[in-house]
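Here's the structure, in structure tokens; my notes come after.
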There are 2 protein chains.
Amino acid sequence: MSSRSANSVPLDYSKSCGGAALGARLRRASEVIDRQATLIYQMFGTEFEQRWYGILNLLHRFGGLTVGEIAASLCISHVAVVQARASLESRQFIKSKTDINDSRRRILSLTSQGRALVEHLMPIWQHMDDAARALNAESGDLVATLDALEDALARQSLVDRVMKRTSLA
Amino acid sequence: MSSRSANSVPLDYSKSCGGAALGARLRRASEVIDRQATLIYQMFGTEFEQRWYGILNLLHRFGGLTVGEIAASLCISHVAVVQARASLESRQFIKSKTDINDSRRRILSLTSQGRALVEHLMPIWQHMDDAARALNAESGDLVATLDALEDALARQSLVDRVMKRTSLA
DNA sequence: TTGACATATGTAAGTGCCTACATAAATTGC
DNA sequence: GCAATTTATGTAGGCACTTACATATGTCAA
């Protein structure tokens with residue numbers, strides 16, 4: 001490596017950054033977790049996409065649900081649900097039918113293959129939960145911290161906080 | 001809404017989920033922050049992409065750097081840097097030249113327009129830093145918690161933690 | 001000094017979300 | 001009972017990353 005600048009460039013600059021890098025920091029953490037989870041499914045020999053998790057779990061626990069209900073419950077856009085649905089339906093893990101009482105709605109439910117997939121992955125998910133609980137404890141309760149962040153942002157959004165400090169306020 | 005199932009579906013199911021949802025939880029938080037930051041730049045009337053931030057900051061503080069140096073410093077892939085570079089260069093905020101001593105390398109640096117953009121955004125970034133510091137305090141030191149999470153994962157990865165609990169160990 | 005390997009950058013395609021927009025069906029007000 | 005609005009779903013394309021692979025250049029050992 002050239003000695004031109006190597007000495008002066010920090011090894012993990014994002015750690016030293018404030019506001020505008022907080023999102024990047026969170027993104028990086030989520031990507032690490034996602035990557036590791038993907039590896040675990042691979043080692044377990046099961047084709048599985050992260051985005052299936054919430055939907056499969058909800059359908060397994062609560063039976064048939066609409067796209068909108070799932071989106072609301074998982075706090076994601078309905079579009080994300082629609083996309084995951086396409087992916088799950090093409091592999092026949094879920095099926096969908098139009099609601100008899102409201103034909104705008106589409107009710108999703110597990111197929112027997114979907115149920116089998118959930119049963120198959122249950123032990124892995126249990127282990128992941130255990131591991132996550134340990135990680136959470138070791139990190140000083142990340143989950144509580146994320147809850148607190150959401151609360152803080154609900155009290156006053158980042159936009160409001162910044163605008164308050166600006167001539168644009 | 002039909003009464004079919006509404007009562008039984010939790011409002012924020014991802015909060016009640018453990019391991020496999022931790023990544024989703026982090027992702028959601030990062031998206032909230034990113035979205036708000038995007039709004040702030042919009043209100044400030046400046047076209048700005050999130051992914052420019054780290055690179056512009058590094059180049060502003062440390063002068064010319066290579067793609068690899070930037071990637072290492074920001075803990076992102078070199079591909080992410082290459083893509084951001086294309087975006088920044090097409091708008092003439094940065095320029096690049098091949099390293100004289102090693103023609104595999106490409107040294108990126110700010111143009112005068114790039115420097116002007118950084119100077120223009122400095123006050124906003126300062127406000128965002130202040131706001132982030134406040135959010136960090138209100139959330140119970142999110143940054144420290146993320147540091148601790150990274151440390152915990154470095155001690156033992158999620159993969160190892162799960163495999164240890166599995167017959168695959 | 002040349003062949004094997006390592007390093008730096010770049011391209012293509014994928015991931016899991018998103019916003020903006022389109023369409024169809026239900027509801028509401030007049 | 002019909003237009004205006006709201007609600008539910010769907011499509012197109014974007015974002016900030018990623019992995020897998022391709023190419024060019026440098027390094028090092030026999």
Side-chain angles (χ1 to χ4, degrees), chain A residues 1-2 14 20-21 23-39 41-42 47-55 65-72 74-89 96-108, chain B residues 1-2 14 20-21 23-39 41-42 47-55 65-72 74-89 96-108:
Chain A
M1 179 175 296
S2 91
S14 80
R25 197 74 204 284
L26 285 162
R27 198 184 312 122
R28 200 170 86 198
S30 79
E31 279 163 2
V32 171
I33 303 276
D34 279 357
R35 217 171 3 259
Q36 301 250 319
T38 300
L39 264 179
Y41 292 120
Q42 267 175 26
E47 190 211 3
F48 190 79
E49 297 177 18
Q50 292 300 314
R51 57 180 172 161
W52 295 351
Y53 178 77
I55 298 183
L65 296 171
T66 68
V67 171
E69 284 168 340
I70 293 170
L74 298 178
C75 295
I76 57 179
S77 69
H78 79 273
V79 180
V81 177
V82 167
Q83 289 164 347
R85 180 210 142 196
S87 163
L88 280 162
E89 209 162 17
S96 63
K97 63 176 203 298
T98 300
D99 188 335
I100 304 254
N101 303 315
D102 183 343
S103 58
R104 291 171 306 178
R105 292 187 173 174
R106 187 166 271 271
I107 298 178
L108 311 187
Chain B
M1 177 175 296
S2 91
S14 81
R25 196 75 205 283
L26 285 162
R27 198 184 313 121
R28 201 171 85 199
S30 79
E31 278 163 4
V32 171
I33 303 278
D34 279 357
R35 220 176 353 262
Q36 300 250 321
T38 300
L39 264 178
Y41 292 120
Q42 267 175 26
E47 190 211 2
F48 190 79
E49 298 177 18
Q50 292 299 315
R51 58 181 172 162
W52 294 351
Y53 178 78
I55 297 182
L65 296 172
T66 69
V67 171
E69 284 168 340
I70 293 169
L74 298 178
C75 296
I76 56 179
S77 69
H78 78 274
V79 180
V81 177
V82 167
Q83 289 165 348
R85 180 210 142 198
S87 161
L88 280 162
E89 209 161 18
S96 63
K97 64 176 201 300
T98 299
D99 188 335
I100 305 253
N101 303 316
D102 183 344
S103 57
R104 290 171 307 177
R105 291 187 173 173
R106 187 166 270 272
I107 298 177
L108 311 187

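Order of the sequence lines fixes the chain letters, A, B, ..., with proteins taken first and strands second; residue numbering starts at 1 for each chain. Both backbone and side-chain heavy atoms feed into the values below; hydrogens, waters and symmetry mates do not.
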Which atom pair, heavy atoms only, marks the closest approach of [X] to [Y]?
| X | Y | result |
| --- | --- | --- |
| R27(B) | D34(A) | NH2-OD2, 2.6 Å |
| N101(B) | D99(B) | N-OD1, 2.8 Å |
| S30(B) | L26(A) | CB-CB, 3.5 Å |
| E47(A) | W52(A) | O-CZ3, 3.7 Å |
| R105(A) | T66(A) | CD-CG2, 4.0 Å |

Rounded to whole Å, how long is the line connecting atom [atom1] of [X] with atom [atom2] of [N]?
| X | N | atom1 | atom2 | answer |
| --- | --- | --- | --- | --- |
| I55(A) | dT9(D) | CD1 | P | 12 Å |
| I76(B) | dT19(D) | CD1 | C1' | 15 Å |
| Q42(A) | dA20(D) | CD | P | 8 Å |
| Q36(B) | dA16(D) | CD | C1' | 18 Å |
| L65(B) | dT9(C) | CG | P | 11 Å |
| I33(B) | dC17(C) | CD1 | C1' | 16 Å |
| R85(B) | dC17(D) | CZ | C1' | 18 Å |
| E47(B) | dC15(D) | CD | P | 9 Å |

Table of protein N/O atoms under 3.5 Å from nucleotides 14-16 of chain C N/O atoms:
{"unit_1": "dG16(C)", "atom_1": "OP1", "unit_2": "Q50(A)", "atom_2": "N", "d": "3.2"}
{"unit_1": "dG16(C)", "atom_1": "OP2", "unit_2": "R51(A)", "atom_2": "NE", "d": "3.4"}
{"unit_1": "dG16(C)", "atom_1": "O3'", "unit_2": "R27(B)", "atom_2": "NH1", "d": "2.9"}

Under 4.0 angstrom between S77(B) side-chain N/O and dC17(D) OP1 or OP2: no
*Sequence-distant partners of R85(B), side-chain hydrogen bond (donor to acceptor under 3.5 Å, both in side chains), two or more places apart*: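 With sequence neighbours excluded, R85(B) shows a side-chain hydrogen bond (donor to acceptor under 3.5 Å, both in side chains) to E89(B), S96(B), given in chain and number order.
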Sorted by chain and number, sequence neighbours left out, side-chain hydrogen bond (donor to acceptor under 3.5 Å, both in side chains) with S103(A) holds for none
Output for pair (T38(A) OG1, R35(A) CZ), nearest 0.5 Å, gives 9.0 Å
In this structure, CD of E69(B) is separated from CD1 of I107(B) (nearest 0.5 Å) by 8.0 Å
Given protein heavy atoms under 4.0 Å, the one-letter contact record of nucleotides 23-29 of chain C, with B base, S sugar-phosphate only and - none, is simply --BS---
One should report the stems of DNA chain C, each a stretch of at least three consecutive Watson-Crick or G-U pairs at distances under 3.5 Å, as C:1-30 with D:1-30
Taking for R106(A) and for R35(A) the nucleotide of DNA chain D with the nearest heavy atom, the one nearer the 5' end belongs to R106(A)
Which pairs of donor and acceptor atoms, one on a side chain in residues 76-84 of chain B, lie under 3.5 Å apart (sequence neighbours left out)?
{"unit_1": "S77(B)", "atom_1": "OG", "unit_2": "A80(B)", "atom_2": "N", "d": "3.2"}

